[in-house]
Undergrad: 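After the structure tokens below, expect a handful of questions from me.
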Amino acid sequence: LEFRRVLFRSFAQDKAKAKSILADIEAVWIALEPKASSEGEQFVADLTRIIELARTSVVRNRPAEADKAARFLQLLVDSDS
């Protein structure tokens, strides 16, 4: 999961790179959302919240939101194992 922390930290350091990563995240989410729906409403809500935090981090330049997204993503991964 270290790569995820690095990914979210980059949001605050390089705006162009952050926008590119966010575009990738959003494209992947669009493709995966229908499949994620089969995992349940709470799972979709959790992923949506993480993506919204990542978006806020980039759009409003709020590194703390990226940190929250990384932590929530780790919790989601841990709860699924």
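Source: prediction; values computed, not measured.
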Undergrad: Using atom types as modelled and distance alone, determine if a side-chain donor or acceptor of Ser57 lies under 3.5 Å from a backbone N or O of Leu53.
TA: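 Not confirmed, Ser57 side chain does not pair with Leu53 backbone.
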
Undergrad: Nearest 0.5 Å, please: how far is CG in Leu73 from CG in Asp78?
TA: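 Spacing of CG (Asp78) from CG (Leu73) equals 9.5 Å.
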
Undergrad: Give the minimum heavy-atom separation between Ala36 and Phe43, together with the two atoms involved.
TA: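 Heavy-atom minimum between the residues: O-CD2, 3.7 Å.
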
Undergrad: With no hydrogens and no angle check, is any side-chain donor or acceptor of Ser38 less than 3.5 Å from a backbone partner on Pro34?
TA: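 A pair under 3.5 Å: no.
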
Undergrad: Less than 4.0 angstrom from a charged side-chain N to a carboxylate O is my criterion; do Arg55 and Glu52 meet it?
TA: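 The answer is no: the pair does not qualify as a salt bridge.
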
Undergrad: Are Ile50 and Leu75 connected in a single hydrophobic cluster, I mean Ile/Leu/Val/Met/Phe/Trp/Tyr linked by side-chain heavy atoms less than 4.5 Å apart?
TA: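 Yes; Ile50 is reachable from Leu75 via cluster members.
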
Undergrad: Nearest 0.5 angstrom please: Gln42 CD to Ser79 OG, how far?
TA: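 Going from CD on Gln42 over to OG on Ser79, the span is 9.5 Å.
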
Undergrad: Quick one: pull up OG1 in Thr48 and CD in Glu41 and give me the separation to the nearest 0.5 Å.
TA: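 Result: 10.5 Å between the selected atoms.
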
Undergrad: Would you say Ile51 ends up clustered with Leu32 if hydrophobic residues are merged whenever their side chains have heavy atoms under 4.5 Å apart, either directly or through other cluster members?
TA: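 Result: no, two separate clusters.
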
Undergrad: Answer yes or no: is there a side-chain heavy-atom contact under 4.5 Å between Trp29 and Leu47?
TA: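 SC-SC contact between Trp29 and Leu47 confirmed.
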
